[in-house]
Amino acid sequence: MNEDVFNTSLRGFLKKVGITSQREIEKAVRDAVAAGRLKGNEKLPAKMVLTVGGVSLTHEITEEIELG
C-alpha cells in the first residue's frame with residue numbers, strides 16, 4: 001500500500017463529505033426556517049453513518065446541531 005496515495009485519497013474523500021454535507025444541512029435548515037417548519041432556536045438530532053466496502057467498516061456518529 002502506498003501511504004501517500006492512501007492519505008491523499010482519504011483526505012479528498014473526507015473534504016468532499018464535509019463540504020457537501022455542510023451545504024446540504026444549511027440549505028435544509030434555511031428552507032425549513034423560511035417555510036415556518038423551524039423557529040430557528042431548535043437543537044436538531046443528526047446522525048452520520050460511514051460505510052467502507054472491502055473492510056466491513058460501519059461507523060456511526062450522532063450529535064445535536066444547535067440553531068441558536
K.L.:
So, does Ser9 use its side chain to make a donor-acceptor pair with the main chain of Val5 at under 3.5 Å?
P.N.:
no
K.L.:
Decide yes or no for Phe13 and Val52: does some side-chain heavy atom of the first lie under 4.5 Å from some side-chain heavy atom of the second?
P.N.:
no
K.L.:
Between Ile19 and Met48, is there a shared hydrophobic cluster once you connect ILVMFWY residues whose side-chain heavy atoms come closer than 4.5 Å?
P.N.:
no
K.L.:
Heavy atoms only: give me the nearest Thr62-Lys47 pair and the separation to one decimal.
P.N.:
CG2-CG, 3.9 Å
K.L.:
Let me confirm one number: the OG1-CG distance from Thr8 to Asn2, rounded to the nearest 0.5 Å.
P.N.:
8.5 Å
K.L.:
Considering only heavy atoms from C-beta outward, does the side chain of Glu64 approach that of Glu66 to under 4.5 Å?
P.N.:
no
K.L.:
Applying the 4.5 Å side-chain criterion to the ILVMFWY set and letting contacts propagate, would Ile25 and Val17 be lumped into a single cluster?
P.N.:
no
K.L.:
Might you point out which heavy atoms bring Ile65 and Ala46 nearest each other, and give the distance in Å?
P.N.:
CD1-CB, 3.7 Å
K.L.:
Give the minimum heavy-atom separation between Thr58 and Val49, together with the two atoms involved.
P.N.:
CG2-CG1, 4.0 Å
K.L.:
Using modelled atom types and a 3.5 Å cut-off, is there a donor and acceptor pairing between side-chain atoms of Glu26 and backbone atoms of Glu24?
P.N.:
no
K.L.:
Got a second to check how far Leu67's CG is from Arg30's CZ, nearest 0.5 Å?
P.N.:
11.0 Å
K.L.:
Nearest 0.5 Å, please: how far is NE2 in His59 from OG1 in Thr51?
P.N.:
12.0 Å
